[in-house]
**Q** 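Okay, handing you the structure first.
Note: hydrogens, waters and symmetry copies are ignored here, and every other heavy atom, side chains too, is used.
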Amino acid sequence: MAFGVYVHIPYCIQRCTYCDFATYEQSKILPPDQYVELLFKEIRQKHRYYTPQSLDTIYFGGGTPSLIPAHLIVAIIKELGRFGYTTRPDTEITIEINPATIDEEKLKVYLDHGVNRFSVGAQTFDDRLLKVVNREHSARQTLQTLDLLRAYDLNFSFDILFALPSQTVAGLKNDVKIAIEQGARHISPYCLTVPDGHPLSKGRPVDDEQIEMFDIIATELTENGFQQYEISNFARPGFESRHNMLYWVDEPYWSLGLSAHSYSKESAWGTRYWNINSIGEYQKQILAFDGQEFATPTQHLPKEQYEILEMHQALTDFCHTSMRLMRGLKTEQLAQKFPASVQEKVFGLLKGLEEKSWVQHDNGHWSLTRSGLVLSNKVFQELTFLEGDV
């Protein structure tokens, strides 16, 4: 069984127009050393939630983790190790970085302490569009950051944001071309999603054009040696995100920091728990339990911060996350986790989706077809279960 830790670092240079993550402009939050001290206290309080073990992955996300001093990132890795959550030479340690927030000195500190994967907040190489979404960096700064990573032959990934207001197909193709040329080994295309009335909702490509844009990205990446292994993720063979895979293959993970969500298998169908998304309230809760240790979220957190899953909820999660992967849902794993009556229910639904050509069955795997990828929300809706369904 694989296991990993996610650490949320909620510091940003600015709030991007489209962002709904729990982050703060760096001048409007605690100094980084004080926030990291809260993380240490949280580790001490919750380290018994899981069995101390060698970690398969650590992921520093945000926000912009590269904004805070590098020695604090190192300190978090060491603090986890003090409580038995150690790293190995093959542990995947990822840090999200933004262009112009990292230099060679900071990079060497990361590398000396095991960080071996970098997720670069590029989004687009079009300066005009970067300003539209309120990104502070320029395309030139992104390319300079990539030059630095490439000089050390490092494993780096970045997102491509598409369906932006006034974005053209030609501009998108150029973004993909540059991404490939720059040597990224993992690329995640994300369609801009904002509610009606949002400033970025005006002038966006219509739905059919959004689908065309994704198809263009997928075609360009596939023709250049990338494999689509999840709905929104492409990688060169062997460079899939091992940390993200934990979320999609029903493995436990421990998440630390503001608004962080975790999953454990302490209960029959799994337990989910999460932290408060206000920095003031998060700080208050951590300090309230200072010096204490707990073995489970149910004896530690208020009821509104955890959920002991019932079978129908676990089944919904299992189906949704499995079908996000291109390899799909493995019938063997379904049989290992759920009773025969539940398997029959799921297979009946999948056969109905197969008749619509939304899913396909091959060698013990049910997976999305090309049509199913476009209509994945409808597939997931069909595979959502209520208490009385199973």
**Q** Atom CG of L309 and atom CG of L315: how far apart are they, to the nearest 0.5 Å?
**A**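 Answer rounded to 0.5 Å: 11.5 Å.
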**Q** Donor-acceptor check, side chain of H365 to backbone of H361, threshold 3.5 angstrom: yes or no?
**A** no
**Q** Would you kindly say whether Q227 and E240 are connected by a side-chain donor-acceptor distance under 3.5 Å?
**A** no
**Q** Would you say the rings of F239 and H186 are close, in the sense that their centroids are separated by under 6.0 Å?
**A** no
**Q** Might you point out which heavy atoms bring D175 and Q123 nearest each other, and give the distance in Å?
**A**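 For D175 versus Q123, the nearest heavy atoms are OD2-O, 4.4 Å.
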**Q** Keeping R150 on the side-chain end and Q182 on the backbone end, is there a donor-acceptor pair under 3.5 Å?
**A** yes
**Q** Do the non-hydrogen side-chain atoms of L154 and L107 ever get within less than 4.5 Å of each other?
**A**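 When only atoms from C-beta onward are counted, L107 and L154 do touch, with a gap below 4.5 Å.
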**Q** Does atom CD of E304 have more than 12 heavy-atom neighbours from other groups under 6.0 Å away?
**A** yes
**Q** Closer than 3.5 angstrom, by distance alone: can the side chain of T64 be matched with the main-chain N or O of L67 as a donor-acceptor pair?
**A** no
**Q** Just so I know, are the side chains of S322 and R327 near enough to count as touching, which here means a heavy-atom distance under 4.5 Å?
**A** no
**Q** Report yes or no: does D159 contribute a side-chain atom to a donor-acceptor pair with the main-chain N or O of P189 at less than 3.5 Å?
**A** no
**Q** Determine whether a donor-acceptor pair (N or O, by modelled atom type, separation under 3.5 Å) exists between the side chain of S259 and the backbone of I276.
**A** no
**Q** How close do A2 and L246 get, heavy atom to heavy atom, and via which atoms?
**A** CB-CD2, 3.5 Å
**Q** Ring centres under 6.0 Å, that's the criterion: do H312 and F385 meet it?
**A**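 Judged by ring-centre distance (under 6.0 Å), H312 and F385 do not meet the cut-off.
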**Q** Tell me whether E104 contacts the main-chain N or O of L148 through its side chain, where contact means a donor paired with an acceptor under 3.5 Å.
**A** no
**Q** Quick one: CG on L143 to CD1 on I178, what's the gap to the nearest 0.5 Å?
**A** 6.5 Å
**Q** Is any NZ, NE, NH1 or NH2 atom of the basic residue among R185 and D153 found under 4.0 Å from an Asp or Glu carboxylate oxygen of the other?
**A** yes
**Q** So, S66 side chain and I102 main chain: donor-acceptor pair closer than 3.5 Å or not?
**A**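 No.
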**Q** For L256 and L80: C-alpha separation, side-chain torsions, deciding distance, then whether side-chain contact (heavy atoms from CB on, under 4.5 Å) applies.
**A** CA-CA 11 Å; L256 298 162; L80 286 165; 4.1 Å; yes
**Q** We want to know whether R88 and S54 form a side-chain donor-acceptor pair, criterion being a heavy-atom distance below 3.5 angstrom.
**A** yes
**Q** If you draw a 6.0 Å radius around NZ in K78, do more than 12 non-hydrogen atoms from other residues or ligands fall strictly inside?
**A**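 No, the 6.0 Å shell around NZ holds no more than 12 heavy atoms from other groups.
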**Q** Taking C-beta and beyond as the side chain, do I76 and V36 meet within less than 4.5 Å on heavy atoms?
**A** yes
**Q** Quick check, are the ring centers of W269 and F338 under 6.0 angstrom apart?
**A**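 Centroid distance W269-F338: below 6.0 Å, so yes.
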**Q** Is it true that atom NZ of K106 has more than 12 heavy atoms of other residues, nucleotides or ligands lying nearer than 6.0 Å?
**A** yes
**Q** With side-chain contact (heavy atoms from CB on, under 4.5 Å) as the test, would you mind laying out the steps for L383 and L353 before giving the verdict?
**A** CA-CA 10 Å; L383 295 174; L353 293 169; 4.3 Å; yes
**Q** Is there a salt bridge (Lys or Arg N to Asp or Glu O under 4.0 Å) between E181 and K177? Walk through the geometry before answering.
**A** CA-CA 6 Å; E181 291 175 347; K177 177 175 178 288; 2.8 Å; yes
**Q** Is it the case that the side chain of E96 and the backbone of V120 share a donor-acceptor pair, with hydrogens and angles ignored and the cut-off at 3.5 Å?
**A** no
**Q** One thing to verify: whether R324 and E230 come together as a salt bridge, which I'm taking to mean a side-chain N less than 4.0 angstrom from a carboxylate O.
**A**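 Yes.
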**Q** Using side-chain contact (heavy atoms from CB on, under 4.5 Å), reason through S376 and I231 one step at a time and then give a plain yes or no.
**A** CA-CA 9 Å; S376 58; I231 286 179; 4.0 Å; yes
**Q** Just wondering, do R44 and E79 contact through their side chains at under 4.5 Å, heavy atoms?
**A**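 Touching, per the 4.5 Å side-chain cut-off.
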**Q** Could you check whether R48 and T296, counting side-chain N and O atoms only, form a donor-acceptor pair closer than 3.5 Å?
**A** no
**Q** Roughly how far apart are F214 CZ and Q210 CD, rounded to 0.5 Å?
**A** 12.0 Å
**Q** With distance as the sole test, does T369 use its side chain to make a donor-acceptor pair with the main-chain N or O of W358 at under 3.5 Å?
**A**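 Indeed, once roles are kept as given, a pair shorter than 3.5 Å links the two residues.
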**Q** To the closest 0.5 Å, what do you measure between CZ (F318) and CE (M323)?
**A**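 Rounded to the nearest 0.5 Å, the CZ-CE separation comes to 11.0 Å.
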**Q** Does the gap between the ring centers of H300 and F289 come in under 6.0 Å?
**A**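 Distance test on ring centres: under 6.0 Å, yes.
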**Q** If you round to the nearest 0.5 Å, how far is CZ of F118 from OG1 of T94?
**A**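 Those atoms lie 9.0 Å apart.
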**Q** Is it true that the side chains of E42 and N275 contain a donor and an acceptor less than 3.5 Å apart?
**A** yes
**Q** Does the plane of the ring in H8 sit parallel, tilted or perpendicular to the ring in Y6? Use 30° and 60° as the thresholds.
**A** parallel
**Q** Indicate yes or no for a side-chain donor-acceptor contact from E344 to the backbone of S341 under 3.5 Å, with no hydrogens or angles considered.
**A**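 No: the side chain of E344 does not pair with the backbone of S341.
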**Q** For a 4.5 angstrom cut-off between non-hydrogen side-chain atoms, does T271 reach E307?
**A**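 Result no, sub-4.5 Å side-chain heavy-atom pair not found.
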**Q** Any chance the rings of F3 and Y50 have centres within less than 6.0 Å?
**A** yes
**Q** Which word best sums up how the rings of Y273 and Y49 line up, parallel for under 30°, tilted for 30 to 60°, or perpendicular for over 60°?
**A**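 Answer is perpendicular, since the angle exceeds 60°.
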**Q** Would you check, one step at a time, whether the test side-chain contact (heavy atoms from CB on, under 4.5 Å) holds for Y263 with D317?
**A** CA-CA 12 Å; Y263 173 59; D317 287 351; over 6 Å; no
**Q** Rounded to the nearest 0.5 Å, what's the gap from OG on S357 to CG on L375? Could you check?
**A**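 Output value for this atom pair is 11.0 Å.
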**Q** On a heavy-atom basis, which atom in C191 and which in A163 lie closest, and how many Å separate them?
**A** SG-CB, 3.8 Å
**Q** Answer yes or no: does atom CD of Q34 have more than 12 heavy-atom neighbours from other residues, nucleotides or ligands under 6.0 Å?
**A** yes
**Q** My understanding is that only one of E220, E212, M213 makes a side chain to side chain contact (heavy atoms under 4.5 Å, CB included) with L172; could you say which?
**A** M213
**Q** For Q381, does the CD atom sit with more than 12 other heavy atoms under 6.0 Å from it, leaving out its own atoms?
**A**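 Open: at most 12 neighbouring heavy atoms sit under 6.0 Å from CD of Q381.
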